Structures are given as C-alpha cells and as structure tokens.
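All ligand and atom numbering here is 1-based and tracks the order in the structure. Every value quoted in this text rests on a predicted model; they were computed, and no experiment measured them.
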Amino acid sequence: MSKKSFLVVGGCGFLGRFIVESLLNKGETNVHVFDIRKSFEDDRVTFHIGDIRKQEDLEKACKGITTVFHTASPTHGMGYDIYYSVNVVGTQKLVDACIASGVKQLVYTSSSSVVFNGSDIAGGDETMPYVKKHFDPYNKTKELGEKEVIKAHGSGLLVCALRPAGIFGPREVQGWPQFLNAAKEGKNKFMFGSGDNLCDWTYIDNVVHAHILAAEHMTPESNVSGNIYFITNDEPIPF
Ligand code: NAD
C-alpha cells in the first residue's frame, strides 16, 4: 500500500474498472472513480458521478488525489461534436483541474489509431507522425486529447499517454461480442484482402499493467513525463 490516492476517470468503463480492481488488488486504499454513470458497486471505492466537460465536477473529484488515470471517452459510432467535447475539451479541463488541485501525475489512455489512416502499418513505433487525414472523428479527437495532455509536461504535473490498439478481455462489450454475434448470424461472408491481415489486439491485463507501470515509473527524476507509448501484447494476431 502506498500513500498515493488514485482517481480513475472513466472508471466505470471496461478498461477503467480493471485499473480500479488492479489498484485494489495491490492493496491501495484510496481509490476514486469519476464517471458520468455508475456501473458497479464497491465499498472500497469512492465514486464521483460527474461529467468531464464540467470543471466544477472535476475539481471536486481531483481534491487530494495524487494520480489520475484518464480512460474516459464516448462509445464507438458517435459524431465529431461529442467526441470533441469529451476527448478534447473535457481532457483540457481535466488537465486544468489536475494542475489546480496539485495532482502529481496524469496517465492518459490514447489510442494507436492516431497514426492509422487505413494503410498497413508493420513494425510502427512512437516516431510515426500523426496522420494528416484521420479515419474517423474518434481518431482525430484522440490525437487532440493526447496533445492537450502532453502540452502540460513541464507545468509540474507529470504526464504521459499510452496508445493501445484494440483491447480484449472479460466484460468487453463494444468489439468482440459484436463480431461474434455477426458471425453467429452469418453476416460476415466477405473478406478484406487475402485473409492474412494482422491486427493488434492487446489483452486487458497487459493494458492495465502498462497504466500501473506508467504511474509507478513517472517520477520527477525519470524521463517518462512528456512521452507517448504504444502498448501491445507482443505480436499482432491474425484478424
Ligand atoms: P468504455 O466505453 O468502456 O469506458 C469509457 C468510460 O468513460 C465509460 O464508463 C463512460 O461512462 C465514461 N465517460 C464517457 N463520457 C464521459 C463524460 N462526459 N464524463 C465522464 N465519464 C465519461 O471504453 P473502454 O473500452 O474502457 O476505453 C477506455 C479508453 O481506452 C478510452 O479512452 C478509449 O479511447 C481507449 N481505447 C480503447 C480501446 C478498446 O479497444 N476498448 C482501444 C484503444 C484505446
């Protein structure tokens, strides 16, 4: 157990809740969740129900916190305005609230899709530039959100961004259950390319581990703050 206090923004979502559980399993006793909805009960967790787009909600939740994990984002298939308001404006407000409340570290969950324009990527690394034309509004706003976070490097708040590709594991509802249902209903009777396509899916535990490592190693003495890291299992899997 450490003297740290943790706030998981988006902590009622798929990834956020696993981060919460990992912190609790490590013996942390000061674990908070900030989310627009409440999806589970746990007496060991302090819940702050609020909207990341509201400064006053964030400032209340950030009080006394040392480490913030920011995993909140609207679900798939929404329009640009909602992605922009949550992923960019909301992230900007969270950074401001962290600085105002004296939070020490902010770990942002970005996405590898910020460098994806539909063309194949093999062996890509963090030196890849953002794409000029994004595939969809989600990807564009994840780039802008990431920039809001990294911009705060040097302000006293330690910041980094993690970029998983697809995440899979128990309780996941937006990806694999839908692929499997489509298959069960006989809806996937066509194939893109030769069938040898690879796609990077990372197991939830590995993504959680990356977040915990980022927080553990992002100290004023380390060179973690200000950086962005791709997160992957190891090898891409056939898709
Ligand atoms: P999720 O939808 O399960 O969780 C997101 C949470 O954010 C939800 O609980 C939701 O209620 C909350 N939220 C949304 N809008 C909010 C608002 N205005 N204020 C407060 N809370 C709000 O998503 P997830 O799959 O757990 O993804 C977590 C993060 O990881 C996201 O930032 C996403 O962009 C990123 N990511 C996910 C994947 C994936 O495959 N799931 C891949 C790459 C990156």
Side-chain angles (χ1 to χ4, degrees), residues 7-22 32-40 42 45 47-62 68-79 81-95 97 106-116 134-146 148-149 160-179 199-211 214 228-233 236-237 239:
L7 177 67
V8 184
V9 178
C12 286
F14 168 50
L15 171 61
R17 185 172 166 191
F18 275 105
I19 293 176
V20 168
E21 289 170 353
S22 169
H32 299 240
V33 161
F34 179 92
D35 205 297
I36 203 162
R37 64 183 177 130
K38 189 171 183 188
S39 67
F40 67 101
D42 193 317
V45 176
F47 288 90
H48 307 264
I49 302 306
D51 189 332
I52 194 173
R53 294 165 291 186
K54 293 193 180 149
Q55 196 74 40
E56 64 274 20
D57 290 356
L58 289 169
E59 279 175 10
K60 271 186 223 150
C62 285
V68 172
F69 296 100
H70 172 16
T71 72
S73 178
T75 185
H76 287 299
M78 313 287 272
D81 289 353
I82 175 111
Y83 283 126
Y84 188 85
S85 69
V86 176
N87 291 345
V88 186
V89 180
T91 299
Q92 206 173 43
K93 290 188 175 182
L94 177 61
V95 169
L106 169 62
V107 178
Y108 176 60
T109 317
S110 182
S111 167
S112 64
S113 61
V114 299
V115 298
F116 180 61
H134 279 282
F135 212 45
D136 67 17
Y138 167 83
N139 295 352
K140 172 76 187 163
T141 60
K142 291 303 281 188
E143 172 193 328
L144 297 175
E146 189 178 274
E148 286 303 327
V149 169
C160 69
L162 306 183
R163 290 178 180 165
I167 309 172
F168 71 101
R171 301 198 302 244
E172 193 270 320
V173 289
Q174 292 184 55
W176 285 96
Q178 293 181 31
F179 303 150
C199 187
D200 197 46
W201 284 90
T202 307
Y203 189 62
I204 183 72
D205 287 359
N206 293 331
V207 181
V208 171
H209 184 54
H211 284 72
I228 295 170
Y229 301 91
F230 283 110
I231 304 302
T232 177
N233 274 336
I237 56 172
F239 186 60

J.: Are the side chains of Gln92 and Val89 in touch, meaning some heavy atoms are under 4.5 Å apart?
T.: yes
J.: Could you see which bit of Gln174 sits under 4.0 Å from ligand 1, with heavy atoms only: side chain, backbone, both or neither?
T.: side chain
J.: So which of Ser110, Ala72, Ala61 gets nearest to atom 44 (C) of ligand 1, if we judge by its closest heavy atom?
T.: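 The residue whose heavy atom sits nearest atom 44 (C) of ligand 1 is Ser110.
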J.: Any donor and acceptor pair, going by atom type alone, linking the side chain of Lys142 with main-chain N or O of Thr109 inside 3.5 Å?
T.: yes
J.: May I ask whether Gly175 places a heavy atom under 4.0 Å from ligand 1?
T.: no
J.: Using non-hydrogen atoms of the residue, decide whether Ala165 is closer than 4.0 angstrom to ligand 1.
T.: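 Yes.
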J.: Could you see which bit of Lys142 sits under 4.0 Å from ligand 1, with heavy atoms only: side chain, backbone, both or neither?
T.: side chain
J.: Can you report which non-hydrogen protein atom sits closest to atom 36 (N) of ligand 1, along with the distance?
T.: Tyr138 OH, 3.7 Å
J.: Does some side-chain heavy atom of Glu172 sit less than 4.5 Å from a side-chain heavy atom of Ile167?
T.: no
J.: Check each atom of ligand 1 against the heavy atoms of Gly166 and keep those under 4.0 Å away; list them by number with element.
T.: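 Matching atoms, with element in brackets: 40 (O).
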J.: Is there a donor-acceptor contact under 3.5 Å from the side chain of Thr141 to the main chain of Val88?
T.: no
J.: Determine whether Phe116 and Ser111 make a side-chain contact, defined as any pair of heavy atoms from C-beta on separated by less than 4.5 Å.
T.: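 With C-beta onward as the side chain, the pair stays apart.
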J.: With the side chain counted from C-beta on, respond yes when Cys12 and Val20 share a heavy-atom pair under 4.5 Å apart, and no when they do not.
T.: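 They are not in contact (no side-chain heavy atoms under 4.5 Å apart), so the answer is no.
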J.: Among residues at least two apart in sequence or on other chains, which ones pass ring-ring contact (aromatic ring centres under 6.0 Å, His included) with Tyr83?
T.: Tyr138
J.: Any side-chain heavy atom of Phe40 within less than 4.5 Å of one from Arg17?
T.: yes
J.: For atom 4 (O) of ligand 1, which of Ser39, Ser112, Gly13 has the closest heavy atom?
T.: Gly13
J.: What protein heavy atom sits nearest atom 9 (O) of ligand 1, and how far away is it?
T.: Asp35 OD2, 2.7 Å
J.: Please confirm whether Trp201 comes under 4.0 Å of ligand 1, counting heavy atoms of the residue only.
T.: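 For ligand 1, residue contact (heavy atoms, under 4.0 Å) with Trp201 is absent.
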J.: In the structure I gave you, are the side-chain heavy atoms of Arg53 and Ile82 within less than 4.5 Å of one another anywhere?
T.: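 Yes - at least one pair of side-chain heavy atoms lies under 4.5 Å apart.
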J.: Looking only at protein heavy atoms, which one is nearest to atom 31 (C) of ligand 1, and what is the separation?
T.: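 That would be Thr71 O, 3.2 Å.
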J.: Could you tell me whether the side chain of Glu148 reaches within less than 4.5 Å of the side chain of Tyr108, counting heavy atoms only?
T.: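 Not touching, per the 4.5 Å side-chain cut-off.
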J.: Return yes when Val86 approaches ligand 1 closer than 4.0 angstrom through a heavy atom, no otherwise.
T.: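 So Val86 counts as touching ligand 1.
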J.: Looking only at protein heavy atoms, which one is nearest to atom 20 (C) of ligand 1, and what is the separation?
T.: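 Going by distance alone, atom 20 (C) of ligand 1 is nearest to Ile36 N, 3.4 Å.
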J.: Of all the non-hydrogen atoms in the protein, which one sits nearest to atom 40 (O) of ligand 1, and at what distance?
T.: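 Nearest protein contact, heavy atoms only, for atom 40 (O) of ligand 1 is Ile167 N, 2.9 Å.
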J.: For atom 14 (C) of ligand 1, which of Gly169, Gly10, Ser73, Ser85 has the closest heavy atom?
T.: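 Answer by nearest heavy atom: Ser73.
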J.: At a 4.0 Å cut-off, with the gap strictly under it, does some heavy atom of Pro164 reach an atom of ligand 1?
T.: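 Distance cut 4.0 Å: Pro164 passes for ligand 1.
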J.: How far is atom 30 (O) of ligand 1 from the closest protein heavy atom, and which atom is that?
T.: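 Going by distance alone, atom 30 (O) of ligand 1 is nearest to Thr109 CG2, 3.3 Å.
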J.: Can you label the angle between the Phe69 ring and the His211 ring as parallel, tilted or perpendicular, going by 30° and 60°?
T.: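 Geometry flag for His211 against Phe69: tilted rings.
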J.: Which of the atoms of ligand 1 are close to Gly50, meaning less than 4.0 Å from one of its heavy atoms?
T.: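 It comes down to these atoms of ligand 1: 19 (N), 20 (C).
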J.: Below 3.5 Å, N or O to N or O, backbone or side chain included: is there any such pair between Arg37 and ligand 1?
T.: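 Yes; at least one N/O pair falls below 3.5 Å.
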J.: Could you tell me which non-hydrogen atom of Arg163 sits nearest to which non-hydrogen atom of Phe230, and how far apart they are?
T.: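 Between these two residues, the closest heavy atoms are NH1-CZ, 3.3 Å.
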J.: Can you name the atoms of ligand 1, numbered from 1 with element, that are less than 4.0 Å from a heavy atom of Cys12?
T.: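 Those of ligand 1 that fall under 4.0 Å from Cys12 are 9 (O).
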J.: Report yes if the distance between the aromatic ring centroids of His48 and Phe34 is under 6.0 Å, otherwise no.
T.: no
J.: Does at least one non-hydrogen atom of Gly11 fall below 4.0 angstrom from an atom of ligand 1?
T.: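 It does not, in that no heavy atom of Gly11 comes within the 4.0 Å cut-off of ligand 1.
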J.: Within the 4.0 Å heavy-atom shell around Asp51, which atoms of ligand 1 are there?
T.: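 Result: 17 (C), 18 (N), 19 (N).
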J.: Students should be able to answer this: which protein heavy-atom is nearest to atom 3 (O) of ligand 1, and at what distance?
T.: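 Result for atom 3 (O) of ligand 1: Phe14 N, 2.9 Å.
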J.: Please say whether Gly16 places an N or O atom under 3.5 Å from an N or O atom belonging to ligand 1.
T.: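 In this structure, Gly16 places no N or O atom under 3.5 Å from an N or O of ligand 1.
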J.: May I ask you to identify the nearest protein heavy atom to atom 19 (N) of ligand 1, giving residue, atom name and distance to one decimal place in Å?
T.: Ile52 N, 3.0 Å
J.: Less than 4.5 Å apart, side chain to side chain, heavy atoms only: is that true for Asp205 and His209?
T.: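 Side chain of Asp205 against side chain of His209, heavy atoms only: no contact under 4.5 Å found.
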J.: Can any side-chain N or O of Asn233 pair as donor or acceptor with the backbone N or O of Trp201 at less than 3.5 Å?
T.: yes
